[in-house]
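See below for the structure under consideration.
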Amino acid sequence: MNMKISKLNYQVNSEKTKPIEKVSEIFKGFSVFVNGFTDPPALVIRDLMIAHGGEYHCYYMHRKTSFVIATSIANAKIDRIREKEIFIRADWITESISAGRALPYNQFLIYEKGANEKARIENFFTKTTSSTNEKCGSQSEIGGFLDARNPHFIKDYYARSRLHLISTLAQDMKDFVANLRQNSEKSTKKMRKGNLVFHIDLDCFFVSVALRTRSELINEPVAISHRANSGASSGASSMSEIASCSYPARKCGVKNGMLVKNALKMCPRLVLLPYQFDDYIEVSKRIYEILAGFSMNLRAVSCDEMYLSCPDEKNQEAVEFAEEIRRIIREETGCTASVGIGPTSLIARLATRHAKPDGVHMVTASQVSSFIASEKIKNLPGIGYQMMDKLGENLETCMELQTKSERELAGIFGPKQSAKIWRQCRGLEEDSEEFWEVQIRKSVSCDINYGIRFGKREDLNQLLKAISEEIESKLIQCQMMAGSVTLKLMIRSPNAPIETAKFMGHGHCDTQTKTINLTTSTCRATQILQETMKLSRIILASTKIEDLRGVGVTCAKLKSRTRKDAVEAVKEMFKKKSDVRNVEENEKIEKSVQGSFGFFNLTVIEIGKMERRQKLKGLDWLSMIKCAPTETTVIRIHRYFLFLLKSGRFTELRQQFQKFLDYSADLKKSHKSWFFASNAIQQRIKEESKEFFGIYVDFLTKNEEALMREKMEKKDEEKLQKMKKNWKLVEIIVEESNTKLNKS
DNA sequence: ATCCTCCCCTAC
DNA sequence: TAAGGTAGGGGAGGAT
Ligand SMILES: Nc1ccn([C@H]2C[C@H](O)[C@@H](COP(=O)(O)OP(=O)(O)OP(=O)(O)O)O2)c(=O)n1
Ligand SMILES: [Mg+2]
């Protein structure tokens, strides 16, 4: 059947488009996968590889694909890279071709697990020792437990947080699916109605992984938790959560997310096993690679769960196909998966519950209405405990829910929810078009709601700094700029005890959030920190810092740096009015947190007099930005815009600067580093404009601009001329710090 | 009406 | 001791 044929993956190595002429065999035995935007782009790389005897993979196959071709690798992702996953730059291909042989990859290396490890470890130690000496030491480390005042708290915490792991893995898998589409040239075929939807979900994921090496426990109640390897029967009072429990354990009523102590009450012989984070990463990536071999019409849900859509086959074949998927997953990962099949994602997903554990369940279109009728309402996706509560009464099954009219539901829930539920409980819910489209991130966040016990405002600032840096790293990873910053604080409820039930937990809290919209979007930690500090002072004005239990920062209104909407950001920049009251405050905050951010290495230098007008008039920055920014090019471009600014040529400045930012964000028109360089120049110009005019020039309205021009031209003409001769400018040279980018 | 902010809820 | 993250949908109520 079609599926099985297409299973021989989408390597696109032969057939399809015009056959590619073999020119050489230098890449024989090498295969590459392209991650993100590269120069040359993915499709060119494909042709080059094939023309020179290599292979091009549309998705990464661990231990099969020789190299991942990329421009850079985000810090935020490094922790989840596997052994043998080798990232190199695209010029390995072009240079090898010029050299007429496959060059050793190490000169083109971006990242390889193990290879860079040593350097990273050294780096870590120098950092650790120097900063430990600085400040933190005694108070923030108690018996090996880093509390949130320690600058390494987040890393340490993330290393043990299962929820952080599954969240980030899910995001990685969404990226993987998005990449898959981008790399396979043929954009997704329109989802015809009548397609079959497969829902694939690993059975008790974490437990399955553990049981690969503990097969004697296969029929025993088993659960995964942190408390697993401490003293034998000590779990009786453990407040640890169970991440996943086996099906025998579920028979006793144990559930994922339950406290160990409660689970042990229900099931005293429950066997607790420890986490195996690295293995979850490995298995999760593997199942996505496997499924990518069957179809590109995937939707990633989480690290162990996804949807696949394919043309309707005869029922028998659909089940066979599902069994085939399950067999391969079992053979290659040692974990069992279950598959639900239905005409829509809703039905497929509900079917999976019947399939579990280790099975397949299919619901045909004609069976839908009788199938859904006996489903539990609680199992409908989106209906949790609160909604069940609101429904009240003793409603259990969808059949019972069907007796409620949409109007009745609308009295309990909002308009959207009620419409959705009404359709869901009848099995009528269709999948929207977007369901199968590439999922675009709408926000980036970092929350720490554990281990927060502060005594000073400064403690919070320290954490906010770490969070801001984490967010910067994530924004860079997904190549986005943030247009808004939201701070969320969890504060101990007045009646809640000061000592929480769970050690260092947050206990019962009230949450407060506050949002700021940025006048120009950003990806920089310094600015995010500045905003969150401001917000925190507003929220905490009436609260004791000791009652703080959780801190979260969300960035939204994201703009893609590679898309044209970056232009929008720039246009906005020149429209908004200045909030004069904030200027001073901003500065104060900025002073207090100056320096210490690794991303930009800012060097202050002095340059000589302003050059003459003619010379600068036609500055050819268009060609300058084709190469990596250097001291000279950054200075010259900055000086050019400054000149326009100071000579009052605002219109020209606007046009040119917009174009500059636009081009700098466009990888086709500029070297990638100009994205950052242009940002720094933008910041700089902003500051200088304030210095010079007493107002941010990018906040000028039309009227203000006219006034300003008048002032410039008439009253201050002479003064200006004089100044022009003697300007000494303090400039900033931007250089990307090598902690963030690849070594060359 | 429609938008925005500050929540709450859900899912893994 | 314990590692309670993260992204998306949506509703209430006020502003526009
Ligand atoms: N409260 C939770 C829920 C889930 N997970 C983790 C552990 C699970 O193994 C994994 C997948 O979640 P699932 O909901 O798919 O649950 P399982 O895979 O454990 O069981 P099953 O899918 O068979 O119901 O996510 C977690 O840590 N904490
Ligand atoms: Mg599962």
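As the structure is a computational prediction, the values presented were derived from the model and not from experiment.
As judged by a 4.0 angstrom heavy-atom cut-off over every strand, A:Phe413 is placed among residues making no nucleic acid contact. If you check every strand for non-hydrogen atoms under 4.0 Å, A:Leu380 touches sugar and phosphate atoms only. Across all strands shown, A:Gly505 has heavy atoms under 4.0 Å from base atoms, whether or not it also approaches the sugar-phosphate. No contact: A:Leu165 has no heavy atom under 4.0 Å from any strand. A:Asp304 comes within 4.0 angstrom of the backbone, heavy atoms only, and of no base. Counting non-hydrogen atoms under 4.0 angstrom, A:Gly257 reaches nothing in the nucleic acid. A:Val444 comes within contact range of the sugar-phosphate backbone alone, with a heavy-atom separation under 4.0 Å but no base atom that close. Here A:Ser167 lies in heavy-atom contact (under 4.0 Å) with a base. Across all strands shown, A:Cys446 has heavy atoms under 4.0 Å from sugar-phosphate atoms exclusively, and none from any base.
No hydrogens or angles considered: nothing links the side chains of A:His226 and A:Ser240 as a donor-acceptor pair under 3.5 Å.
For the pair A:His226 and C:dA2, the ring geometry does not qualify as stacking, because the centroid separation below 5.5 Å and plane angle under 30° are not jointly satisfied.
Once rounded to the nearest 0.5 Å, the distance linking OG1 of A:Thr515 with CG of A:Leu535 reads 7.5 Å. The CE atom of A:Met481 sits 11.0 Å away from atom SG of A:Cys555, with the distance rounded to the nearest 0.5 Å.
Phosphate proximity of C:dA3 to A:Arg162: absent, as no side-chain N or O sits under 4.0 Å from OP1 or OP2. Remark: A:Gln386 is in phosphate contact with B:dC9, judged by side-chain N or O atoms under 4.0 Å from OP1 or OP2. Neither OP1 nor OP2 of C:dT1 sits under 4.0 Å from any side-chain N or O of A:Arg160. Dashed line: the shortest gap from a side-chain N or O of A:Ser445 to OP1 or OP2 of C:dA7 is under 4.0 Å. The shortest distance between the side-chain N/O atoms of A:Ser240 and the OP1/OP2 oxygens of C:dA3 is below 4.0 Å. At the phosphate of C:dT6, neither OP1 nor OP2 sits under 4.0 Å from any side-chain N or O atom of A:Thr168. Contact between the side-chain N/O atoms of A:Ser161 and the OP1/OP2 oxygens of C:dG4 is found at a separation under 4.0 Å. Applying the 4.0 Å criterion to OP1 and OP2 of C:dA2, one finds that A:Ser238 has a side-chain N or O inside that range. For C:dG5, one of the phosphate oxygens OP1 or OP2 lies less than 4.0 angstrom from a side-chain nitrogen or oxygen of A:Asn449. In this model, the phosphate group of C:dA3 is approached by a side-chain N or O of A:Lys502 to a distance below 4.0 Å at OP1 or OP2. Residue A:Tyr385 places none of its side-chain N or O atoms closer than 4.0 Å to OP1 or OP2 of B:dA11. The side chain of A:Lys420 contributes no N or O atom lying less than 4.0 Å from OP1 or OP2 of C:dG9. For A:His164 and C:dA3, the shortest distance from a side-chain N or O to OP1 or OP2 is not below 4.0 Å. A close approach under 4.0 Å does not occur between any side-chain nitrogen or oxygen of A:Lys390 and OP1 or OP2 of B:dT10.
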Worked verdict on A:Asp79 versus A:Lys155 for salt bridge (charged side-chain N to carboxylate O under 4.0 Å, His left out): CA-CA 10 Å; A:Asp79 291 339; A:Lys155 261 212 158 332; 3.4 Å; yes
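When atom types are taken as modelled, the side chain of A:Ser445 and the backbone of A:Thr554 share no donor-acceptor pair closer than 3.5 angstrom. Between the side chain of A:Asp203 and the main chain of A:Pro357, no donor-acceptor pair closer than 3.5 Å is present. No donor-acceptor distance shorter than 3.5 angstrom exists from the side chain of A:Arg326 to the backbone of A:Val339, with no hydrogens or angles considered. Judged by distance alone, the side chain of A:Ser468 and the main-chain N or O of A:Leu464 form a donor-acceptor pair under 3.5 Å. A donor-acceptor pair under 3.5 Å is absent between the side-chain atoms of A:Glu282 and the main chain of A:Asp278, judged by distance alone.
For the C1' atom pair drawn from B:dC9 and C:dG4, the interatomic distance equals 16 Å after rounding to whole Å.
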For Watson-Crick and G-U wobble pairs within 3.5 Å on both distances, what is DNA chain B written in dot-bracket notation, | included for inter-strand pairing? ||||||||||||
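Listed nucleotides C:dA7, C:dG10, B:dC7 differ in distance to A:Gln171; the shortest reach to its side chain belongs to C:dA7. When distances are taken from the side chain of A:Leu163 to each of C:dA2, C:dG11, C:dG4, the shortest belongs to C:dG4. Comparing atom distances between the A:Tyr157 side chain and each of C:dG8, B:dC12, C:dG5 picks out C:dG5 as nearest. With distances taken from any side-chain atom of A:Thr511 to the nucleotides B:dC12, C:dG5, B:dC7, the minimum falls on B:dC7. Here the side chain of A:His506 is nearest to one of C:dA7, C:dG10, C:dG4, namely C:dG4. Of all nucleotides listed (C:dT6, B:dC12, B:dC9), B:dC9 comes nearest to the side chain of A:Met387. Of the candidates C:dG10, C:dA3, C:dG8, C:dG8 carries the atom nearest the A:Ser443 side chain, counting heavy atoms from C-beta on.
Both cation-pi conditions hold for A:Lys378 and A:Tyr385: the charged atom is under 6.0 angstrom from the six-membered ring centre and inside a 45 degree cone around its axis.
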Pick out the pairs of N or O atoms, protein on one side and nucleotides 1-5 of chain B on the other, that lie under 3.5 Å.
residue : atom : partner  : partner atom : Å
B:dT5   : OP1  : A:Asn517 : ND2          : 2.8

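If A:Ile448 and A:Pro415 are placed on DNA chain C by their nearest nucleotide, the residue sitting closer to the 5' end is A:Ile448.
Ion pairing of A:Arg353 with A:Glu375 is absent here, as no side-chain N (NZ or NE/NH1/NH2) approaches a carboxylate O to less than 4.0 Å.
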